Amino acid sequence: TSLRPWRRMDHACATASSSARPRLPIQPLEPMADPITINQPIARLRFPDSIEFQLDDMRFFSFEKKFDIVISLFGSFNYITEDADIIKVFKNTWDALKPDGTGLFEIWNSMPIIKIREKPVTKVSKINYKGKEIERERGFKLLTNSNKTLVEVDYNYVISKNENMTDRHIMRAFTKDEIADFITGNG
């Protein structure tokens, strides 16, 4: 018996790195163009002839064909910080799913962030890429907001010990009840 092919969408995953098995049609939705340009060749090597790339915004996408599963991993969802936009993401996701489809979201839990409040920038990984050693450092600070958990996340990239790049992101974390309210109200 063979398994039927699945239609699958990844929110913001240009490398298709969350794919459990090859030859799945995957529709990544990217918040910006560069990840597709940089990562598309990697995904093509991993899954030849099985991935369609589309630059789109997870708040506003629309497809005629429905998907078996929609996946949002690696903190992608946490960049959506406004309630109205969160509602749009869930609504569009549910609309994109087949009747028996599944939405799988990795969502940051606000409880540890509220407890820790601030973490200094420290090394979290080191890789070698095209002969260069790249160290990735990350830290965060809880921002003051009375009705939602917003976090300023700082990244520092040290490239071959002589070049630095910094990056700052504002992201949102959620309590279990808070995210449950968004889900039950929109799907």
Side-chain angles (χ1 to χ4, degrees), residues 8-20 22 26-48 50-61 70-86 88-89 92-93 104-145 148-174 179:
R8 178 185 150 170
M9 177 193 303
D10 278 1
H11 286 180
C13 186
T15 62
S17 58
S18 61
S19 293
I26 299 169
Q27 192 77 41
L29 297 181
E30 287 298 329
M32 62 179 81
D34 287 342
I36 290 178
T37 304
I38 293 166
N39 294 316
Q40 189 171 9
I42 296 167
R44 293 262 181 248
L45 286 173
R46 294 181 70 212
F47 308 106
S50 66
I51 298 176
E52 301 168 34
F53 283 87
Q54 178 172 328
L55 175 64
D56 215 332
D57 185 319
M58 67 175 88
R59 297 169 297 172
F60 304 112
F61 69 89
V70 175
I71 297 174
S72 184
L73 300 177
F74 312 115
S76 302
F77 179 79
N78 300 94
Y79 284 95
I80 309 297
T81 60
E82 298 300 323
D83 290 359
D85 291 333
I86 292 164
K88 289 175 189 174
V89 170
N92 286 337
T93 299
L104 176 65
F105 288 79
E106 174 188 36
I107 298 172
W108 288 3
N109 181 345
S110 63
M111 300 314 252
I113 291 168
I114 292 168
K115 183 177 179 181
I116 297 168
R117 304 196 66 76
E118 187 169 352
K119 183 176 184 275
V121 175
T122 56
K123 186 166 94 172
V124 293
S125 67
K126 182 166 83 173
I127 63 165
N128 285 297
Y129 180 73
K130 293 187 177 182
K132 293 187 176 191
E133 182 179 271
I134 302 170
E135 292 183 13
R136 185 172 65 112
E137 302 170 339
R138 179 182 61 220
F140 71 86
K141 178 173 67 171
L142 179 65
L143 299 176
T144 304
N145 190 306
K148 54 187 167 184
T149 306
L150 295 177
V151 184
E152 183 179 86
V153 183
D154 290 313
Y155 289 93
N156 185 38
Y157 299 91
V158 180
I159 303 166
S160 296
K161 303 212 184 286
N162 61 5
E163 183 182 346
N164 280 2
M165 291 177 19
T166 60
D167 200 8
R168 176 170 285 161
H169 304 261
I170 304 299
M171 301 176 83
R172 184 171 176 180
F174 302 84
I179 205 65

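This one's a predicted model, so the numbers in the text were calculated from it and none came from an experiment. Note that these values count all heavy atoms, side chains included, but never hydrogens, waters or copies made by symmetry.
Rounding to the nearest 0.5 Å places OG1 of Thr149 at 4.0 Å from CD1 of Ile114. Atoms CD and OH, on Glu137 and Tyr157 in that order, are 10.5 Å from each other to the nearest 0.5 Å. Here the OG1 atom belonging to Thr81 is positioned 7.0 Å from the CD1 atom belonging to Ile86, to the nearest 0.5 angstrom.
For NZ of Lys141, the number of neighbouring non-hydrogen atoms (other residues, nucleotides, ligands) closer than 6.0 Å is 12 at most.
The salt bridge (charged side-chain N to carboxylate O under 4.0 Å, His left out) search around Arg59 returns Asp57, Asp85, not counting sequence neighbours. Residues that satisfy the side chain to side chain donor-acceptor pair (under 3.5 Å) test with Asn109, not counting sequence neighbours, are absent from this structure. Residues meeting the ring-ring contact (aromatic ring centres under 6.0 Å, His included) test with Phe174, sequence neighbours left out: Phe77. With sequence neighbours excluded, no residue forms a ring-ring contact (aromatic ring centres under 6.0 Å, His included) with Phe60.
Ile107 is listed as a side-chain neighbour of Asn78, based on a closest heavy-atom distance under 4.5 Å. The shortest side-chain heavy-atom distance between Asn92 and Met58 does not fall under the 4.5 Å cut-off. Phe105 places a side-chain heavy atom less than 4.5 Å from the side chain of Thr93.
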Quiz: residues 117-126 side-chain donor-acceptor pairs under 3.5 angstrom, not counting sequence neighbours:
from	atom 1	to	atom 2	distance (Å)
Lys119	NZ	Thr122	OG1	3.1
Ser125	OG	Arg136	NE	3.4

Throw together a table of side-chain donor-acceptor distances under 3.5 angstrom for residues 161-169, partners on residues two or more places apart or in other chains.
from	atom 1	to	atom 2	distance (Å)
Lys161	NZ	Glu133	OE2	3.4
Lys161	NZ	Glu135	OE2	3.2
Asp167	OD2	His169	NE2	2.9
Arg168	NE	Asp154	OD1	2.5
Arg168	NH2	Asp154	OD1	3.1
Arg168	NH2	Asp154	OD2	3.4
His169	ND1	Tyr79	OH	3.1

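Shown here for Ala173 and Ser110, the closest heavy-atom pair between the two residues is CB-CA, 3.7 Å. The two residues Glu106 and Gly75 make their nearest non-hydrogen contact at OE1-N, 3.2 Å.
Test Arg172, Lys148, Lys88 against Glu82 for side chain to side chain donor-acceptor pair (under 3.5 Å) and you get one pass: Lys148.
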